[in-house]
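One structure is given below, encoded as structure tokens.
Source: prediction; values computed, not measured. Each chain gets a letter, A, B and so on, in the order the sequences are listed, and its residues count up from 1.
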Number of protein chains: 2
Amino acid sequence: MAENFSRAGNSADTTPCSACAVRDHAICASLDCHERKEFIRLGRQVTIPKGQMLMWEGEEAALVANVVEGAMMLTTSTSDGREQIVGVVYPSDFIGRPFGKESPHNVTALTESRLCLFSRSAFDKFARSHSDLEHRLLRRTLDELDRARKWMLLLGRKSASEKIATFLLDISRRLARKDDQDGPAPLDRFILPLGRQQIADILGLTIETVSRQLSEMKGTGVIALPDRRTVEILDRPRLEALAEQA
Amino acid sequence: MAENFSRAGNSADTTPCSACAVRDHAICASLDCHERKEFIRLGRQVTIPKGQMLMWEGEEAALVANVVEGAMMLTTSTSDGREQIVGVVYPSDFIGRPFGKESPHNVTALTESRLCLFSRSAFDKFARSHSDLEHRLLRRTLDELDRARKWMLLLGRKSASEKIATFLLDISRRLARKDDQDGPAPLDRFILPLGRQQIADILGLTIETVSRQLSEMKGTGVIALPDRRTVEILDRPRLEALAEQA
DNA sequence: CGATGTCTTGAGTCCCGTCAATGCACGTGG
DNA sequence: CCACGTGCATTGACGGGACTCAAGACATCG
């Protein structure tokens with residue numbers, strides 16, 4: 001299934017990890033030099049083109065991966081086609097469903113992405129015998145759970161304008177460490193890895209409502225929209241007020 | 001803080017676990033006899049009265065626990081008081097935030113509940129040195145994450161009637177193993193551990209909409225409502241159709 | 001330069017939230 | 001025992017916020 005992805009790893013390079021940008025942030029950080037060599041032999045580096053799906057909801061969960069570069073989304077949908085994005089992952093994040101039979105959601109590349117890809121069965125076995133790796137995966141999963149639950153408050157209880165404001169603040173924080181090597185300060189200007197429809201699918205809105213709310217905020221001078229993919233936050237305090245920050 | 005909870009453990013009983021109903025389902029199942037004795041010494045059994053809050057959002061995450069009996073809810077709220085229930089836990093489920101500084105949500109007893117309570121720091125230390133326990137906690141957390149993400153689809157994309165139908169089916173499945181020792185078959189008649197407002201807070205609706213939808217379903221003969229806390233599913237296939245099961 | 005996909009804007013509708021009154025069960029005390 | 005208060009739940013009337021449907025604008029690319 002994944003055989004047609006281009007192999008990015010150069011076979012002359014014995015340790016692709018040494019040049020890895022996310023080595024110290026991903027779950028691999030728990031491994032020492034020797035373990036890492038063993039681990040890397042189980043997987044391979046692949047590049048996924050924008051828009052390509054890597055895992056399917058309900059299919060066998062055959063793969064897991066670390067995101068090295070790019071952005072991907074996790075989605076589910078109802079039988080009649082309504083979609084909901086249930087997560088967006090960035091470099092150093094982990095994807096796939098360890099210790100599970102089937103994938104609980106679709107995984108699709110939002111931008112061209114580089115991954116460190118493993119078969120789930122090999123990963124599971126390795127993880128079970130390296131408890132530091134499991135520990136790190138546990139912490140990551142607990143963080144993801146917190147994030148998902150916080151998002152449930154947004155989906156269930158916030159208005160369209162609050163949703164948009166919260167989304168912009170959230171993404172400005174999450175993009176901070178990646179696009180520029182800017183430190184942890186949130187960005188005031190960034191390029192969305194998502195189109196309008198995808199923003200709608202994250203927030204539980206329609207594309208028209210997203211568009212209208214963004215135009216509204218542009219009109220009141222809270223943000224600027226230099227082009228359709230770029231957002232500039234002009235008045236962060238006002239945006240935070242709109243988001244009803246908890 | 002938790003000093004005023006009644007101690008349920010009888011000091012003459014050296015192994016409260018031997019009589020524990022959830023011993024083989026909770027994370028403790030990963031421990032052998034010796035480990036379990038060591039583990040139990042770190043914690044204590046407590047009983048929480050209905051309505052009592054055990055953890056507060058944003059407060060220091062000082063406690064973790066296994067639920068032995070009863071039901072509890074996890075909630076968050078906006079600064080202006082809108083509430084969202086982000087999880088409901090039943091016997092054998094785990095609560096609290098290991099390896100974290102602060103609790104990400106409130107935890108409140110829906111019914112009188114018995115817990116196996118631990119200080120987080122002691123639990124963290126014990127878990128770090130017992131990787132089977134951590135493994136089991138990891139699996140549980142991954143399951144919870146799947147569940148939370150599935151709920152995001154409901155919150156973001158489903159209509160009021162679909163929400164109610166999905167909720168009823170979900171709770172009939174989750175109550176099955178506990179109320180009666182009935183096996184895994186979902187119940188067709190059960191007592192809600194939640195009031196109307198709490199159902200609304202789970203589904204991202206208002207109490208009035210919940211009430212109207214339930215009355216509607218009662219009117220069409222899909223369910224019966226013998227009293228305000230009891231639900232009887234009369235026509236499960238039709239209820240499943242209403243839920244737009246994925 | 002069309003062709004196509006994406007986004008914006010407008011007009012109209014409807015679902016669900018809001019406000020308000022009523023109903024029902026339960027407990028307390030006169 | 002009934003009167004009364006309290007806390008939930010139900011039901012109705014109404015309005016508004018977000019969805020739906022439908023053009024039109026804009027960008028990108030062959």
**Message:** Do B/Glu59 and B/Ser103 pair up side chain to side chain, a donor and an acceptor below 3.5 Å, judged on atom types alone?
**Reply:** no
**Asked** Which heavy atom in B/Ile233 sits nearest to a heavy atom in B/Ser172, and how many Å separate them?
**Response** CD1-CB, 4.1 Å
**Complete:** chain A vs DNA chain D, heavy-atom contacts under 4.0 Å, first-to-last nucleotide span, 5' to 3', is D/dA18 to D/dC26
**Message:** For B/Asp146, give me all partners under side-chain hydrogen bond (donor to acceptor under 3.5 Å, both in side chains), at least two apart in sequence or on another chain.
**Reply:** A/Arg97
**Fill in**
Per-nucleotide protein contact along nucleotides 8-17 of chain C, 5' to 3', at a 4.0 Å heavy-atom cut-off (B base, S sugar-phosphate only, - neither), is BBBB----SS
**Asked** Does a donor on one side chain and an acceptor on the other come within less than 3.5 Å for A/Asn106 and A/Thr108?
**Response** no
**Item:** Results of salt bridge (charged side-chain N to carboxylate O under 4.0 Å, His left out) for A/Arg236 - residues two or more places apart only
**Value:** A/Asp188
**Item:** Residues that B/Phe167 engages under ring pair (Phe, Tyr, Trp, His ring centres under 6.0 Å), provided they are two or more places apart
**Value:** none
**Prompt:** Can you pull the salt bridge (Lys or Arg N to Asp or Glu O under 4.0 Å) pairs that have at least one residue in residues 210-224 of chain A, sequence neighbours excluded?
**Reply:** none
